[in-house]
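One-based numbering along the sequence shown.
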Amino acid sequence: MAYDVERFGYYTFPLLPPLIAITLSMITDQVLPSLFLGVWIAALMYTAYNPIAGTIKTFEWIVGNITDSWNATILLFDFVIGAFVGVLYVSGAMHSIAEVLIKKVKSSRGASLIASILGVLVFFDDYSNTVIVGNTMRTLTDKARVSRELLSYIVDSTAAPVAGIMFVSTWIGMEVSTIQDALEAINAKVEEGVISTAPEIGPYGLWFRGLPYHFYSFLALLLVFLVVITRRHFGPMLEAELRAVKTGKVLRDGAVPLMPTETIIGEPKTEKRAPWWLFALSVFALIAVTLIGLWYTGGQALVENKVVSEWYQASLIDALSHADPSTPLLWGSFIAYLIALIGALGTRALRFKEAMDATIKGFYLMTLANAILLLAWTIKTAVSEVGTADYIIARTVTMIPVYWIPLVVFLVSMFIAYTTGTSWGTFGIMMPLSVPLAWIAALVQTGSVELAYIVTAASIGAVFGGGIYGDHVSPISDTTIMSSMFSGCDHIDHVKTQIPYGTLAAFVSLILYVTLAIWLSITPTPYAGIILVLIGAVLLIVLHRLLNKWYTKKKGLPEVLEDYKIE
């Protein structure tokens, strides 16, 4: 993989646009102008620092992202979901389902645990996860005095980490395809005579071999349940949860939630509320139609590739691997909205005018969130044009001792995903580089095919784990934005409270990759990944407890938060 290093001098410093956007977002709490400035600076570099041409290029990039069919579908989906939430909220259906759940869930711990379990159960797509878990649990967690910061953390940490390790998800197709590209690069080296052999297993087999080395996702999921069950926190999340438990304020004073339901839509109906089953039925329809849509779009792709003759002949696993998640989400959200609308009118919870008012206000709910999402996509375009990812790789990946390749791959993947806000983009960039690097380095440096398989599998896990971590904690990531959006959380509050937790899981992952390097230098062990995951789980539990004790002692706050009981 060649890089045109000379252009980096022309572009001055390709890291500058994302760093400015991220830094200003964190300092000013103003995401929109920060993102726009980052895009504009990238456009200045692209146009040789011509301010007029740079401004024109900025808007070209923005328009290009609006008119992209996938992006436009997601934006429309967000607006439809807003209308869906508006009707359910005003009709009182959300509060009716919350009252039913309260009979089963009596505390803050119970509400946040149910949210975590639901996040794992909705494993087939990260976008679907944010929509379903955020909207379903928000009313209940509010009543249980669970902060919106914790809810958005739960949503975000059970979205990509779950989808990334499930072999039945919308992610698997992308993940396996990047491994396939890497295998083709290795085979080309065999044909050129650079190396004598290539992996004898296919991309799916390598994906499964890399799964145990996907340290970050396993640890991130464990940490969610650890903080929820123990109610031990540290960092800004502790203050957020303490505020919610003591005062009932699930949002801090002055917070600007990306989905400000209460302030825009107003209070729900109190006299004649829609029944709880309307909420349950519409959410079930959202899930069912989305899954069928994923099966259909994936099956159609297989029909076009002449794998099957009819879409329904494709297995769900194969279909998910080739599905387009944006269109099924739009179908599912529209059917769910229609059911909510008809149900609210049919039960006389809303008059038609009230339902239409709720629909329009629901659209408005998503305006800020969609604006941020659009600029987040645009800055990804911008950093791609100025070569941010290539710049990072060209200055970090050199001739590395084979045992340390997974660690370096993890670090580089983390940084690329954080500064570009995309895990999938990171996979596409890093996998074709990392897998051939690991395989060839192992054969050239040691001559061991067994070691080549282990290091290659570990590098695959490192790409996925590093990409998900960087995307997970980046304020310009679309999944981070959508987690804030559907949890009704202030976006910067979500980012600030989530970073310490995500970074803890990433730190333990780093220790595991270092341990792996030392271990492999002594003796190659095929089951090292499984053993290290277990060691990492123990280490994470210990570090979480130590950080909790240190931080609470430093701030004079309780180690274990009160488990608020719902009256």
- Task: Please assess M237 against L150 for the test side-chain contact (heavy atoms from CB on, under 4.5 Å), listing each intermediate value before the final yes or no.
- Result: CA-CA 7 Å; M237 188 70 80; L150 181 59; 4.0 Å; yes
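- Counting only heavy atoms from C-beta outward, the side chains of P328 and T297 approach each other to under 4.5 Å.
- For the atom pair CD1 of I460 and CH2 of W207, the computed distance is 11.0 Å after rounding to the nearest 0.5 Å.
- Between P212 and V533 the shortest heavy-atom distance is O-CG2, 3.1 Å.
- M430 places a side-chain heavy atom less than 4.5 Å from the side chain of V409.
- Nearest heavy atoms, L242 versus P558: CD1-CG, 4.2 Å.
- No more than 12 heavy atoms of other residues, nucleotides or ligands lie within 6.0 Å of CD in E200, so this atom counts as exposed by the packing criterion.
- Between H491 and H494, the ring planes are tilted. Angles from 30° to 60° get that label.
- Note that the CG atom of L211 and the CD atom of E175 stand 9.0 Å from one another [nearest 0.5 Å].
- Under the 3.5 Å distance criterion, the side-chain polar atoms of T446 are left unmatched by any main-chain donor or acceptor of L443.
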- Query: After noting the C-alpha distance and the side-chain angles of T479 and D471, does the key distance pass the side-chain contact (heavy atoms from CB on, under 4.5 Å) rule?
  - Reply: CA-CA 8 Å; T479 48; D471 179 82; 2.8 Å; yes
- Tell me, with the steps shown, if I476 and L35 meet side-chain contact (heavy atoms from CB on, under 4.5 Å). CA-CA 8 Å; I476 61 175; L35 286 172; 3.0 Å; yes
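- The nearest pair of heavy atoms linking L451 to Y403 is CD2-CE2, 3.7 Å.
- When only modelled atom types and interatomic distance are considered, S217 and Y469 share no side-chain donor-acceptor pair under 3.5 Å.
- For the residue pair T552/E559, the side-chain donor-acceptor check at 3.5 Å is not satisfied.
- Taken from CG in L534 to CG in L532, the straight-line distance is 9.0 Å, to the nearest 0.5 Å.
- Taken to the nearest 0.5 Å, the OG1 atom of T290 stands 5.0 Å off from the CG atom of L329.
- Formation of a donor-acceptor pair under 3.5 Å by the S487 side chain with backbone atoms of C489 is not found in this model.
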- Residues T230, V560; criterion side-chain contact (heavy atoms from CB on, under 4.5 Å); working and verdict: CA-CA 7 Å; T230 65; V560 181; over 6 Å; no
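- With hydrogens and angles ignored, the 3.5 Å screen pairs no side-chain donor or acceptor of S434 with any backbone N or O of M431.
- Checked by atom type, the side-chain pair T130/D156 shows no donor-acceptor distance below 3.5 Å.
- Side chains of T197 and V190 form no contact here, defined as non-hydrogen atoms less than 4.5 Å apart.
- With contacts defined as side-chain heavy-atom distances shorter than 4.5 Å, the pair H233/E239 does not qualify.
- A donor-acceptor contact shorter than 3.5 Å is absent between the side chain of T525 and the backbone of Y527.
- Separation of atoms OH (Y153) and CD1 (I499) is listed at 13.0 Å; rounding is to 0.5 Å.
- For Y453 and W439, the ring centers sit closer than 6.0 Å to each other.
- Looking at heavy atoms from C-beta onward, V435 lies out of side-chain contact with S459 at the 4.5 angstrom threshold.
- Panel note: side chain Q498, backbone V473; no donor-acceptor pair is recorded below 3.5 Å.
- Distance alone, capped at 3.5 Å, places no donor-acceptor pair between the R148 side chain and the D490 backbone.
- Nearest approach of G119 to V133, heavy atoms of both residues: CA-CG2, 3.7 Å.
- The backbone N or O of R109 sits less than 3.5 Å from a side-chain atom of S112, completing a donor-acceptor pair.
- Closest non-hydrogen pair, G299 versus V308, comes out as O-CG2, 4.2 Å.
- In this structure the side chain of I454 reaches within 4.5 angstrom of the side chain of L520, judged on heavy atoms.
- No side-chain heavy atom of Y216 sits under 4.5 Å from any side-chain heavy atom of V508.
- Minimum heavy-atom separation, A458 to L516: CB-CD2, 3.6 Å.
- Atom CD1 of I154 sits about 8.5 Å away from atom CG of L113, to the nearest 0.5 Å.
- In this structure, the side chains of F215 and L510 stay at 4.5 Å or more apart for every pair of heavy atoms.
- A donor-acceptor pair under 3.5 Å is absent between the side-chain atoms of S423 and the main chain of I468, judged by distance alone.
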- Message: Set out, in order, the CA-CA distance, both residues' side-chain angles and the distance that settles ring pair (Phe, Tyr, Trp, His ring centres under 6.0 Å) for Y213 and F464, then state yes or no.
- Response: CA-CA 9 Å; Y213 301 96; F464 290 144; over 10 Å; no
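- Residues Y418 and H472 have side chains that never bring a donor and an acceptor to within less than 3.5 angstrom of each other.
- For E241 (side chain) and S147 (main-chain N/O), a donor-acceptor pair under 3.5 Å exists by modelled atom type.
- Between the N548 side chain and the H544 main chain, no donor and acceptor come within less than 3.5 Å of each other.
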